[in-house]
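Down below is the structure, laid out as structure tokens.
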Amino acid sequence: MNIRLFSYFVTLVIKSRMEYRGAFTIGVVGQVVGYAANYLVIWLLLQNFNTIQGWDWTEIAFLYSLNLLTYAIGASFTYTPMVGLDQIIVNGNFDMYLTKPLSPFLYFLANLFNIGYIAHILISSVVLIWSISQADITWTLYKAIYLLLAIISGSLLQAAGLIVIGSLSFIFLRVQYLFSIFFKLKEFIAYPISVYGTLLQIILTWIIPLAMINYYPSLYIFEDSLLTNKILGITALVIGPLSLYLAYRFWMYGANKYQGAGG
Amino acid sequence: MIYVEGLSKEYKQFNRASGVIGTIKNLFSREHTIVKAVDNISFSIEQGEAIGYLGPNGAGKSTMIKMLTGILVPTSGKVTVNHLVPHKSRQEIAKRIGIVFGQRSQLWWDLPVEDSFELHRRIYNIQDKDYQKNMDIFLDLLNLKEFITRPVRQLSLGQRMRAEIGLALLHNPDIVFLDEPTIGLDVIAKDNIRNFIRQMNRERKISIFLTSHDMKDIEEICGRMLIVNKGELIYDGTVEQLKSNLSASKIITIEFVVDPGDAVVLENAVLVNDSGIRKTFRIDKGLDSAIDFVQNLSKRYPIKDFVLQDSNIEDIIRMYYRSLEKDNSTQMTKQEKLSVIY
């Protein structure tokens with residue numbers, strides 16, 4: 001599937017959603033209000049503490065927005081197909097994705113693209129840009145490119161997380177509770193991980209590398225010297241594409257198992 | 001075109017023990033039964049042939065279609081479609097086949113029908129010239145023009161199925177698989193769809209692989225019929241042949257004054273349906289023996305009324321199925337039982 005065909009799918013998805021314009025608008029407004037409330041809670045918290053582990057309000061806002069923005073981009077492509085996959089398999093509707101001259105993976109993502117994340121993207125981009133303008137950052141071209149790549153890599157990593165859990169549907173048929181665990185875990189990175197104990201920091205860096213989404217890129221952008229291990233800043237750019245590739249392979253393995261190849 | 005030899009597909013089916021203890025036991029050890037959905041089936045289909053693939057629910061019809069289209073990988077046996085192995089060259093084969101699942105839709109529910117056609121044009125990379133030519137034909141023959149600009153959710157089931165079939169034929173496939181395409185449709189919609197499929201088969205030499213529970217679909221569209229039951233192929237031949245083999249049989253439904261019970265003595269007759277005082281028999285040796293049968297019976301039991309009819313193809317199939325069910329009750333014990341621990 002090429003990009004033109006994928007974008008035609010997206011066009012159809014948008015057109016479908018616009019059939020229910022009212023519901024769509026309410027959804028967008030609801031999401032924006034919901035996330036604005038989340039920002040407000042953090043802001044209120046920082047009225048009392050001023051900083052969390054040396055991070056002030058604008059920096060935390062940046063950290064939070066980077067997580068939300070990359071999630072929204074990744075989830076646009078993967079949330080609906082992956083969270084819905086177990087049900088799609090159980091209902092027998094997965095067969096349809098194996099009847100076209102297309103990669104089942106890309107066809108599946110394209111067909112279930114979700115435009116609803118436009119709300120998340122909207123609010124997180126606004127806060128991200130605002131926080132960049134407020135925070136004390138010495139900008140270089142290098143840093144600007146770094147930020148762009150970090151957003152891409154983070155989005156791929158978030159997508160990979162959803163894909164891996166979704167792929168387990170092929171094996172266990174019911175995986176909704178795993179998604180709940182994943183979203184709970186993701187709450188840890190709403191704050192700089194330096195507030196947690198060493199063990200949790202190691203887990204969030206190396207085992208379930210969620211800190212690669214926003215924590216290490218933020219360190220890199222705010223204050224290079226804070227990032228004692230520069231490798232981590234670079235790793236954050238590599239881990240996204242790498243994990244997406246592995247997640248894709250895992251999904252294809254699952255799809256093969258579904259078809260009954262040797263299983 | 002399609003070549004199938006010794007094809008089988010097995011599924012593992014886990015047995016669930018009942019009760020609290022059984023549920024706990026299931027967590028650690030589950031027995032499973034190997035179910036043969038398709039059992040050692042062989043046949044081949046030429047280009048331009050229309051075949052009806054027939055069998056009761058659970059006979060393995062859909063499994064066969066899924067193996068021929070590359071959705072499922074067979075457990076054993078050989079299968080080629082257009083000289084390619086479906087599950088190995090799934091995307092290649094997908095370009096040359098069309099599929100209609102009567103119970104699932106390929107159309108975008110909230111969008112006008114034409115958007116789904118445009119999407120298919122792009123998926124299959126159909127040339128403008130071919131697209132235009134097919135659309136002109138379909139708009140006319142399937143009467144798509146009356147609803148092509150309407151959202152799919154507003155269409156009747158018949159209209160939707162016409163659109164589905166047009167969509168499956170848009171890229172000029174060599175073979176079309178139709179899995180119960182007329183399910184739930186009214187007589188007129190069924191006729192329209194049958195005529196269209198028949199026309200495409202005759203004029204374009206498109207091979208048709210049709211499963212249906214409606215015998216008329218198969219009589220009108222297909223020259224050849226395969227009957228399967230419990231995964232096994234039990235009949236392969238023309239529709240005419242099957243009919244003539246059994247055309248001598250008559251079906252008699254007798255209404256007794258009192259239910260004679262199971263004690264009815266049956267000479268030359270097979271009891272095919274028993275609902276108390278109404279019993280249906282099949283007599284295989286023509287009209288004369290049917291009349292004899294009624295006369296003999298009326299001497300022994302008071303008869304209120306009787307209806308004599310030629311057996312039609314549906315009855316034949318029904319009898320086929322029923323006689324097979326009896327044989328199969330003993331077969332269950334043959335299935336392997338394995339125990340897995342994990």
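None of these values were measured; they are calculated from a predicted model. Chain naming here is simple, since letters A, B, ... match the order of the sequence lines and numbering starts at 1 in each.
Proximity to chain A is absent for every atom of B:Ser62, based on heavy atoms less than 4.5 angstrom apart. Contact annotation for B:Arg121: neither backbone nor side-chain heavy atoms come within less than 4.5 Å of a heavy atom of chain A. Residue B:Arg122 touches chain A through both its backbone and its side chain, counting heavy-atom pairs closer than 4.5 Å. Neither the backbone nor the side chain of B:Glu92 comes within contact range of chain A; no heavy atom of the residue lies under 4.5 Å from a heavy atom of that chain. Using a 4.5 Å cut-off between heavy atoms, A:Asn91 touches chain B through its backbone atoms (N, CA, C, O) alone. A:Leu12 touches chain B through backbone and side chain together, each having a heavy atom under 4.5 Å away.
Counting heavy-atom pairs closer than 4.5 Å to chain B, the top-ranked of the candidates A:Leu5, A:Asn111, A:Thr99, A:Asp95 is A:Asp95. Of the residues considered (B:Lys95, B:Gln103, B:Arg153, B:Gln106), B:Arg153 shows the highest number of contacts with chain A, using heavy-atom pairs under 4.5 Å. Counting heavy-atom pairs closer than 4.5 Å to chain A, the top-ranked of the candidates B:Ile99, B:Thr69, B:Ile123, B:Ile97 is B:Ile123.
Between B:His120 and B:Phe117, the distance from one ring center to the other does not fall under 6.0 angstrom. Here A:Phe170 and A:Phe94 bring their ring centres to under 6.0 angstrom of each other. Under the 6.0 Å cut-off for aromatic ring centres, A:Phe113 and A:Phe9 do not qualify, their centroids lying 6.0 Å or more apart. Separation of the B:Phe138 and B:Phe196 ring centroids falls under the 6.0 Å cut-off.
Listed by chain and number, the residues in a salt bridge (Lys or Arg N to Asp or Glu O under 4.0 Å) with B:Glu146 are B:Arg162 (sequence neighbours excluded).
A donor-acceptor pair under 3.5 Å is formed between the side chain of B:Ser8 and the backbone N or O of B:Asn40.
Residues A:Leu157 and A:Leu244 have side chains not in contact (no heavy-atom distance under 4.5 Å, counting atoms from C-beta outward).
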